[in-house]
K.L.:
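Below is a structure I'd like to ask you about.
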Amino acid sequence: WLTLQEQSRRGTIQVIAERKGQLPFAMADGVFTISARIDRLEISPDGNAVIADYKTGAPPTTGEIAKGLAGQLPIEALIAMEGLLEPALPQKISITGLEYWKLSGNEANCEVIALKDTSTLIEMWKNQLKEWVVLYHDPKTAFAAQTNSELLPRYNDYAHLTRRQEWGEG
């Protein structure tokens with residue numbers, strides 16, 4: 001399956017694998033940096049590019065992506081579009097596609113999942129990252145394992161360790 005994908009896609013594109021990059025945010029007391037590594041970057045001669053992430057497990061669902069729970073590809077896109085990959089690309093690129101390549105033990109379970117509304121998704125994450133960097137850079141902001149109550153499990157294996165019942169909180 002993977003060989004067939006390569007053969008059908010290669011053509012005139014340049015494929016770059018495992019490219020690192022960083023996205024810095026200037027803060028009053030220094031710089032907050034987000035790092036990423038792109039699994040696969042395909043660049044056409046006109047500068048249009050597709051970023052792909054290889055998944056051996058289940059890729060994020062469309063619903064998770066829409067809720068802002070799967071930011072890896074949009075964050076990688078922001079880094080690539082800003083020209084912040086190491087080593088740098090020889091040209092400025094425009095991200096026209098974000099994909100998950102689901103790789104499994106057999107051909108029947110492999111697939112390419114292309115995300116929709118790429119530019120909207122990238123813009124949403126750009127704005128969200130700015131908010132989060134400012135929020136979590138503040139030492140008064142606690143880091144929570146899960147801030148969305150809709151996504152919390154109904155049962156928590158560690159609830160008994162909090163001793164909340166002893167304190168009358170529940």
K.L.:
Tell me, do L73 and W125 make a side-chain contact under 4.5 Å, heavy atoms counted?
P.N.:
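No. Closest side-chain heavy atoms not under 4.5 Å.
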K.L.:
For L98, run the side-chain contact (heavy atoms from CB on, under 4.5 Å) check against V50, L115, D117 and tell me which one passes.
P.N.:
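For L98, the side-chain contact (heavy atoms from CB on, under 4.5 Å) check succeeds only for L115.
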K.L.:
Measuring from E111:CD to Q5:CD, what's the distance to the nearest 0.5 Å?
P.N.:
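E111 CD to Q5 CD: 10.5 Å, rounded to 0.5 Å.
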K.L.:
So do the side chains of L85 and R19 get within less than 4.5 Å of each other, counting heavy atoms only?
P.N.:
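In short, these two side chains touch, coming nearer than 4.5 Å.
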K.L.:
What is the minimum heavy-atom distance between Q22 and S35, and which atoms define it?
P.N.:
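For Q22 versus S35, the nearest heavy atoms are NE2-OG, 3.4 Å.
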K.L.:
If you take all heavy atoms of F32 and H137, which pair is closest and at what distance?
P.N.:
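Smallest interatomic distance, heavy atoms only, reads CD1-ND1, 4.1 Å.
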K.L.:
Got K55 and I113 here, is their nearest side-chain heavy-atom distance under 4.5 Å?
P.N.:
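Of all side-chain heavy-atom pairs linking I113 with K55, none is under 4.5 Å.
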K.L.:
Give, for atom CD1 of I51 and atom OH of Y100, the distance between the pair rounded to the nearest 0.5 Å.
P.N.:
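OH of Y100 is found 11.0 Å from CD1 of I51.
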K.L.:
When rounded to the nearest 0.5 angstrom, what distance separates CD in Q7 from OG1 in T3?
P.N.:
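Answer rounded to 0.5 Å: 6.5 Å.
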K.L.:
So, using side chain to side chain donor-acceptor pair (under 3.5 Å) as the criterion, who are the partners of D39 when residues are at least two apart?
P.N.:
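Applying side chain to side chain donor-acceptor pair (under 3.5 Å) to D39 gives none.
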K.L.:
For S104 and C110, which heavy atoms make the closest approach, and how far apart are they?
P.N.:
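In terms of heavy atoms, the two residues are closest at N-SG, 3.3 Å.
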K.L.:
Please determine whether residues M27 and I75 belong to a single hydrophobic cluster, defined as Ile, Leu, Val, Met, Phe, Trp and Tyr linked transitively by side-chain heavy-atom distances below 4.5 Å.
P.N.:
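Linked, M27 and I75 end up in one cluster.
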K.L.:
If I compare all heavy atoms of I38 with all of A80, which pair ends up nearest, and what's the gap?
P.N.:
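Smallest interatomic distance, heavy atoms only, reads CD1-CB, 4.2 Å.
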K.L.:
So V112 and R9, do their side chains get closer than 4.5 Å, heavy atoms only?
P.N.:
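The answer is yes; the side chains approach within 4.5 Å.
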K.L.:
For L41 and L89, run side-chain contact (heavy atoms from CB on, under 4.5 Å): C-alpha distance rounded to whole Å, both residues' side-chain angles, the deciding distance at 0.1 Å, then the answer.
P.N.:
CA-CA 11 Å; L41 177 61; L89 298 175; 4.0 Å; yes
K.L.:
So, taking the atom named NZ in K130 and the one named CG in L135, what distance separates them when rounded to the nearest 0.5 Å?
P.N.:
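One finds 16.0 Å between NZ of K130 and CG of L135.
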K.L.:
Heavy atoms only: give me the nearest P59-K102 pair and the separation to one decimal.
P.N.:
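That closest heavy-atom pairing would be CD-CD, 4.1 Å.
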K.L.:
So do the side chains of V134 and F25 get within less than 4.5 Å of each other, counting heavy atoms only?
P.N.:
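Side-chain contact under 4.5 Å: no.
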K.L.:
I need the M81 CE to K92 NZ distance, nearest 0.5 Å.
P.N.:
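Those atoms lie 7.0 Å apart.
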K.L.:
Is a side-chain donor or acceptor of T96 paired with a backbone partner of A49 at a separation under 3.5 angstrom?
P.N.:
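A pair under 3.5 Å: yes.
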K.L.:
Taking all heavy atoms of A142 and all of Y136, pick out the closest pair and write down the distance.
P.N.:
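What the structure gives for the nearest pair is O-CE2, 3.5 Å.
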K.L.:
Going hydrophobic residue to hydrophobic residue with side-chain gaps under 4.5 angstrom, can you get from L78 over to I16?
P.N.:
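Same cluster.
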K.L.:
Within a 6.0 Å radius of atom CD on E107, are there more than 12 heavy atoms belonging to other residues, nucleotides or ligands?
P.N.:
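Counting other residues, nucleotides and ligands, CD of E107 stays at 12 neighbours or fewer.
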K.L.:
Can you check whether E123 reaches T120 side chain to side chain, under 4.5 Å on heavy atoms?
P.N.:
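Side chain of E123 against side chain of T120, heavy atoms only: no contact under 4.5 Å found.
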K.L.:
Tell me, do E76 and I95 make a side-chain contact under 4.5 Å, heavy atoms counted?
P.N.:
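Counting from C-beta outward, E76 and I95 never come under 4.5 Å.
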